[in-house]
J.: 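Okay, here's the structure, questions in a sec.
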Number of protein chains: 2
Amino acid sequence: MAEKDNKHEHCCLEQHNHKELIESVSMDMPEEEVLYDLAELFKVFGDTTRIKILYTLFESEMCVCDIAEVLNMTQSAISHQLKVLKQAKLVKNRRDGKQIIYSLDDGHIANIITMGIEHIME
Amino acid sequence: MAEKDNKHEHCCLEQHNHKELIESVSMDMPEEEVLYDLAELFKVFGDTTRIKILYTLFESEMCVCDIAEVLNMTQSAISHQLKVLKQAKLVKNRRDGKQIIYSLDDGHIANIITMGIEHIME
DNA sequence: TAAACATATGAACAATCATTCATACAATAA
DNA sequence: TTATTGTATGAATGATTGTTCATATGTTTA
C-alpha cells in the first residue's frame, strides 16, 4: 500500500500507541458510502419544514395542498420538500384523482425523532 | 386573534374537514422552539466529518490531534467541528496538560446513529 | 375539445456551512 | 523569560440549501 497523505501537520507526543488506535478505529468505522448515506439521512431531518411535514403525516395521510394549508406555506415549497423526503424514503405517495396523497414510509421515523427529542430535553 | 396569513393560494376542494384536521395536527405539533432545536440537533448529525468523529470517540476518549490523525484531517477542521458537537452537547472535554481530551457526552448518540443505519439498510 | 384544478419542477437568490489559512491563546519545557 | 507544543478562532471562500416565482405536467370537468 502507498503512503497516506497526512493532512494534519504532526501529532502530540505519543505516550499511547497510535498505530493500534488508528487500526481499531478504522475497524469499527463504517464504509465511506454508509457514512455518506447516514449523513444524508440526518440532513433530511435537519430542517424544521421537513420535521413539520413528518409530524403532520403522523396524524394522517394527506394531499400536498392540505399539508401546505396546515403548515401555512406555499404548495411549491412543500412539494420541493416532499421530494427530498421521498428520495430519503421517509414518505411515499399515491395518486387519488387530481390529488397526490402522501404518507409516512418508514417505521423508524418516530423512533429517530423521539431519540432526538429525548436528547434536547436532556 | 388576528387573521392568519395564508401563504398557500387556496386548497383542494375539501371533502374532509379542514378545521378539524388543522386542529388535531397543531395539537400534536411540538412548540416552534422544540422543532428548531430538533432540526439543529439532526443537522449536527448531517455531516460525515462529525459522524466520523463520533464513531472515533465510540472507541475511546481522544485528544484533538489524535482525532485529526485518525481521520487524516487538519487540526483546525477537527477543532471547528468539535465545537459544533460540543454546542450540541454530544461531546464534552477536559484538559490534560497541553491537551484537550474529548469524549462522548450522551447515551443516545449510539441509538440515534443505529436508527439511522437501520433505515438506510432498509 | 378547452378550462380548471392539483402537483411538480427549473432557475434564481439569499442564507448557511465546511474547510483553509493565519494567528491567538494556554500550558509546559528549557 | 523565551521557545515549543496543543488547541481555538476569526475571516475568507467555494459549495450547498430552502424558498420564491414562473411555468410545465397530468387529471378531471364542462
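Letters go in sequence order (proteins before strands), and every chain restarts at 1.
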J.: To the nearest Å, give me how far apart CZ (B/Arg50) and C1' (C/dT19) are.
T.: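 Those two atoms, CZ and C1', are 12 Å apart.
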J.: Are the side chains of A/Ile67 and A/Leu82 in touch, meaning some heavy atoms are under 4.5 Å apart?
T.: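 A/Ile67 reaches A/Leu82 side chain to side chain.
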J.: For B/Val91 and B/Tyr102, which heavy atoms make the closest approach, and how far apart are they?
T.: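 The answer is CG2-CD2, 3.8 Å.
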J.: Taking all non-hydrogen atoms of both residues, which atom of B/Ile112 and which atom of A/Phe42 are closest, and how far apart?
T.: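 Heavy atoms of B/Ile112 and A/Phe42 come nearest at O-CZ, 3.5 Å.
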J.: Any idea which of C/dA8, D/dT27, C/dA18 is nearest the A/Gln75 side chain?
T.: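 In terms of side-chain proximity for A/Gln75, the closest of C/dA8, D/dT27, C/dA18 is C/dA8.
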J.: Confirm from the modelled atom types if A/Ser76 and C/dT9 form a donor-acceptor pair under 3.5 Å, side chain to base only.
T.: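 Counting by modelled atom types and ignoring angles, a donor-acceptor contact under 3.5 Å is found here.
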J.: Expected output is a numbered-order residue list: members of residues 30-38 of chain A with a heavy atom under 4.0 Å from any atom of DNA chain D. What is it?
T.: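 Residues of residues 30-38 of chain A that come under 4.0 Å of DNA chain D do not exist, since none gets that close.
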J.: Hey, does the side-chain of A/Thr74 have a donor or acceptor N/O within less than 3.5 Å of a partner on the base of D/dC21?
T.: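 No.
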J.: Taking atom P of D/dT7 as reference, at what distance in whole Å does atom CD1 of B/Ile53 sit?
T.: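 Taking CD1 of B/Ile53 and P of D/dT7, I get 13 Å after rounding.
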J.: Are A/Met29 and A/Leu35 close enough that some pair of their side-chain heavy atoms sits under 4.5 Å apart?
T.: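 Result yes, sub-4.5 Å side-chain heavy-atom pair found.
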J.: Identify, residue by residue, the members of residues 79-91 of chain B with a heavy atom below 4.0 Å from DNA chain D, and return them in order of residue number, or none.
T.: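 The stretch gives B/Ser79, B/His80, B/Lys83 as the residues lying under 4.0 Å from the strand, ordered by number.
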J.: Within less than 4.0 Å of OP1 or OP2 of C/dA6, is there a side-chain N or O belonging to A/Tyr102?
T.: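 A/Tyr102 to C/dA6 OP1/OP2: no side-chain N or O under 4.0 Å.
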J.: To the nearest Å, how far apart are A/Asn93 CG and C/dT9 P?
T.: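 A/Asn93 atom CG is separated from C/dT9 atom P by 10 Å.
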J.: Heavy atoms only: give me the nearest A/Leu71-A/Thr49 pair and the separation to one decimal.
T.: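 A/Leu71 and A/Thr49 have their closest heavy atoms at CD1-O, 4.3 Å.
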J.: In whole angstroms, how far is the P atom of C/dA15 from the NZ atom of B/Lys43?
T.: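 Atom-to-atom, B/Lys43 to C/dA15, this comes out as 15 Å.
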J.: Rounded off to whole Å, could you give me the CE-to-P distance for the A/Met73 and D/dG18 pair?
T.: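 Spelled out: CE on A/Met73 to P on D/dG18 is 11 Å.
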J.: For the residue pair A/Leu104 and A/Phe58, establish whether any side-chain heavy-atom pair is separated by less than 4.5 Å.
T.: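 Counting from C-beta outward, A/Leu104 and A/Phe58 do come under 4.5 Å.
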J.: For the pair made of CD in B/Gln99 and C1' in C/dC25, what is the distance, rounded to whole Å?
T.: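 Taking CD of B/Gln99 and C1' of C/dC25, I get 17 Å after rounding.
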J.: Tell me which of A/Gly97 and A/Ala77 sits closer to the 5' end of DNA chain D, going by the nucleotide each one is nearest to.
T.: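 That would be A/Ala77.
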J.: In this structure, how many angstroms lie between the C1' atom of D/dT17 and the CD1 atom of A/Ile51, rounded?
T.: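 Roughly 16 Å, once rounded to whole Å.
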J.: Do you know the tightest heavy-atom contact between B/Val44 and B/Arg50?
T.: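 Minimum heavy-atom separation between B/Val44 and B/Arg50: O-NE, 2.7 Å.
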J.: Is there a side-chain polar atom (N or O) of B/Arg95 under 4.0 Å from OP1 or OP2 of D/dG6?
T.: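 B/Arg95 to D/dG6 OP1/OP2: no side-chain N or O under 4.0 Å.
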J.: Does one hydrophobic cluster hold both A/Val25 and B/Ile101, with members joined at side-chain heavy-atom distances below 4.5 Å?
T.: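 Each belongs to a different hydrophobic cluster.
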J.: Show the nearest heavy-atom pair for residues A/Gly46 and B/Lys43, with the distance to one decimal.
T.: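 What the structure gives for the nearest pair is O-CE, 3.0 Å.
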J.: Compile the donor-acceptor pairs under 3.5 Å between side chains in residues 115-122 of chain A and protein atoms, sequence neighbours left out, one pair per line.
T.:
| unit_1 | atom_1 | unit_2 | atom_2 | d |
| --- | --- | --- | --- | --- |
| A/Glu118 | OE1 | B/His108 | NE2 | 3.4 |
| A/His119 | ND1 | B/Asp106 | OD2 | 2.7 |
| A/His119 | NE2 | B/Ala88 | O | 2.8 |
| A/Glu122 | OE2 | B/Lys89 | NZ | 2.9 |

J.: Roughly, in whole Å, what's the span from CD1 in B/Ile100 to P in D/dA8?
T.: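 Taking atom P of D/dA8 as the reference, CD1 of B/Ile100 is at 5 Å.
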J.: Could you please name the option among C/dT19, D/dT5, C/dA6 that lies closest to any side-chain atom of B/Lys98?
T.: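 So the side chain of B/Lys98 is nearest to D/dT5.
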